[in-house]
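Heads up: the structure comes next, in structure tokens.
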Amino acid sequence: MPSRILSIFGTRPEAIKMAPLVKQLEASSGIESVVCVTGQHQQMLDQVLDLFEIKPHHNLALMTGNQTLNGLAARLIASLDEVLATVQPDRVLVHGDTTTASAAALAAFHRRIPIGHVEAGLRTGNLMQPWPEEMNRRVVDVMSDLMFAPTASSRANLEQETLHGKIIVTGNTVIDALNLTTARIDNDAALCAELDARLPFLDGALPVLLVTGHRRESFGEGFANICAALAELASTNTVQIVYPVHLNPNVRGPVRESLGHARNVHLIDPLDYLSFVRLMQRASIILTDSGGVQEEAPALGKPVLVMRDVTERPEAVAAGTVRLVGTQCDSIVSAVLGLIEDARQRDEFAHRVNPYGDGHASRRIVAALTGRAVEEFASGGSTGGASGAGHPHAADVARVRFAATVH
Ligand code: UD1
Ligand code: UDP
């Protein structure tokens with residue numbers, strides 16, 4: 001009897017990071033793969049499902065406008081309980097640190113269904129930054145019996161806590177998704193040209209500053225500072241800003257209000273992943289508070305300035321391609337202008353490193369789920385572009401072997 005694995009996810013980043021794993025699960029003979037999307041996100045989730053051609057068996061369509069965390073969590077637990085009762089999975093897989101992840105893990109735990117946590121072990125040590133994600137990822141790990149840690153440092157975080165699950169270092173599946181996507185773009189000149197044509201307003205002579213921002217802890221003053229910094233940068237006429245604005249109304253409102261008419265600022269709707277990866281390739285600098293972008297941009301050789309005070313992704317900071325700049329207007333402006341004016345600094349900042357994965361994380365997770373030997377990923381900061389990252393240098397891969405127990 002194949003093991004019935006239920007993958008549950010609901011937001012854009014979870015979908016991007018679970019997509020390559022779902023494909024591997026579907027292709028595995030020892031596994032019956034069932035997918036449930038919660039619809040915590042709607043349009044931003046559908047974009048990913050379309051791109052990776054994933055047809056969920058269950059779509060709960062739970063999103064409401066400007067949803068509250070408790071309202072969402074309550075709807076998630078009630079609806080997921082029905083799905084668990086119907087599917088009767090041998091195991092549930094959840095991803096990362098969203099409300100979908102923590103509620104799905106709790107619903108599975110209440111039914112005594114084993115939980116595998118993909119992207120386990122990220123920590124800032126501060127429950128309020130990021131809020132509520134730091135709590136979500138911690139409670140999921142408490143309930144999980146398999147923890148798929150992306151890097152050695154996430155494993156070390158887990159080892160410091162009193163947890164009962166087995167830890168396997170797999171690399172982050174985001175690099176699997178990125179490699180699949182860059183391969184499509186890099187091997188198809190017509191597609192590449194079509195993606196570029198979707199942003200006809202871009203001026204070939206000005207460097208592109210790509211911006212994303214959505215964190216709940218930055219709502220209010222944090223976003224006001226970020227917008228003021230962007231307005232000041234745009235007014236220097238040394239950079240063009242492209243900002244695909246997250247659909248959360250707490251982001252959209254203030255951003256549109258303060259930057260809607262600014263010169264050199266292009267506020268656009270969230271891009272599908274293919275278009276966004278192409279835009280990252282074209283960007284000179286990326287300014288973001290996104291977790292996924294912090295993992296992807298180093299693999300593309302793009303300098304990343306992170307508008308946060310702490311990060312749970314220290315690997316790229318250590319590798320020198322990601323820098324924390326906080327959410328104060330002055331520090332954001334001076335960091336961006338410093339990089340624009342100093343080509344040497346930009347070059348140093350922009351070397352390609354892949355501390356987050358080698359493109360084989362999904363394969364390792366499926367091997368562990370089917371009780372096969374796993375060669376763990378070692379985050380040695382391997383160099384190489386995203387497309388070439390599917391072939392890790394032998395020295396970067398720890399030869400650690402074991403067979404994971406599957407329930
Ligand atoms: C959520 C996650 C966050 C993750 C982020 C990725 C939680 C608590 N937060 O934050 O960890 O980093 O997703 O983007 O799990 N909306 C739409 N359409 C969409 C998506 C969102 O209209 O496709 C609007 C809705 O009004 C929705 C609101 O955004 O109510 C907030 O969505 P929600 O998922 O609660 O929070 P995010 O800020 O997106
Ligand atoms: N992304 C995208 N379109 C966009 C902006 C981001 O496809 O317009 C991708 C990005 O490449 C990354 C993921 O979405 O893989 C990050 O999602 P988000 O920033 O919403 O969440 P986080 O990673 O911070 O949880």
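Atoms within each ligand, like the ligands themselves, are counted from 1 in listed order.
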Notebook entry, point to check: Which protein residues have a heavy atom under 4.0 Å from ligand 2?
Noted result: Arg12, Pro13, Ile16, His214, Arg215, Pro244, Pro270, Leu271, Tyr273, Phe276, Met280, Ser290, Gly291, Gly292, Val293, Glu296
Closest protein heavy atom (residue, atom, distance) for [atom]:
| atom | value |
| --- | --- |
| atom 29 (O) of ligand 1 | Asn248 CA, 3.1 Å |
| atom 36 (O) of ligand 1 | Arg216 NH2, 3.1 Å |
| atom 39 (O) of ligand 1 | His41 NE2, 2.7 Å |
| atom 8 (C) of ligand 1 | Thr99 OG1, 3.1 Å |
| atom 34 (O) of ligand 1 | Gln40 NE2, 2.9 Å |
| atom 5 (C) of ligand 1 | His214 CE1, 3.6 Å |

Specify side chain, backbone, both or neither for [X], according to which of its non-hydrogen atoms lie closer than 4.0 Å to ligand 1.
| X | result |
| --- | --- |
| Asn250 | neither |
| Ser290 | neither |
| Pro270 | neither |

Does any N or O atom in [X] lie less than 3.5 angstrom from one in ligand 1, N or O only?
| X | answer |
| --- | --- |
| Gln67 | yes |
| Thr98 | no |
| Met44 | yes |
| Thr11 | no |
| Arg12 | no |

N-O pairing of [X] and [Y] below 4.0 Å:
| X | Y | value |
| --- | --- | --- |
| Asp50 | Lys55 | no |
| Arg91 | Asp145 | yes |
| Glu376 | Arg364 | no |
| Arg313 | Glu295 | yes |
| Arg138 | Asp97 | no |
| Arg216 | Asp289 | no |

Atoms of ligand 1 close to [X] [distance to a heavy atom under 4.0 angstrom, numbered from 1]:
| X | answer |
| --- | --- |
| Gln42 | 19 (C), 23 (O) |
| Glu133 | 3 (C), 9 (N), 11 (O) |
| Leu69 | 8 (C) |
| Met63 | 16 (N), 17 (C), 18 (N), 19 (C), 20 (C), 21 (C), 22 (O), 25 (C) |
| Asn66 | 25 (C), 26 (O), 27 (C), 30 (O) |
| Gly65 | 26 (O), 30 (O) |
| Gln43 | 17 (C), 18 (N), 19 (C), 22 (O), 23 (O) |
| Arg215 | 11 (O), 12 (O) |

Checklist line | Check: Lys302 side chain, Gln281 main-chain N or O, donor-acceptor pair, under 3.5 Å | finding: yes
Item checked: Heavy-atom donor-acceptor pair, His351 side chain to Glu348 backbone, under 3.5 Å -> yes
Notebook entry, point to check: Is the number of heavy atoms from other residues, nucleotides or ligands under 6.0 Å of His164 NE2 greater than 12?
Noted result: yes
Checklist line | For Val48, the option from Glu14, His41, Arg12, Met18 that meets side chain to side chain contact (heavy atoms under 4.5 Å, CB included) | finding: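 Only one option passes, and that is Arg12.
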Next item on the list: Among Gln129, Arg137, Arg123, find the one that has a side chain to side chain contact (heavy atoms under 4.5 Å, CB included) with Glu312.
Entry: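 One option only clears the test, and that one is Arg137.
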Check: Which heavy atom in Thr173 sits nearest to a heavy atom in Ser362, and how many Å separate them?
Finding: CG2-OG, 3.7 Å
Item checked: Closest contact, heavy atoms only, Asp203 versus Gln240 ->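 Minimum heavy-atom contact is O-NE2, 2.6 Å.
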Note to self: Quick check on the 6.0 Å ring-centre criterion: do His266 and Phe201 meet it?
What the structure shows: yes
Under 3.5 Å donor-acceptor pairs involving side-chain atoms of residues 65-76, not counting sequence neighbours:
residue	atom	partner	partner atom	Å
Asn66	OD1	Asn250	ND2	3.0
Gln67	OE1	Thr64	N	3.1
Gln67	OE1	Arg75	NH2	3.3
Gln67	NE2	Gln40	O	3.1
Thr68	OG1	Gly71	N	3.0
Arg75	NE	Leu62	O	3.1
Arg75	NH1	Gly71	O	3.3
Arg75	NH2	Leu62	O	3.1
Arg75	NH2	Thr64	OG1	3.3

Check: Between the side chains of Glu134 and Asn126, is a donor N or O closer than 3.5 angstrom to an acceptor N or O?
Finding: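 There is no such pair (donor and acceptor under 3.5 Å, judged by atom type) between the side chains of Glu134 and Asn126.
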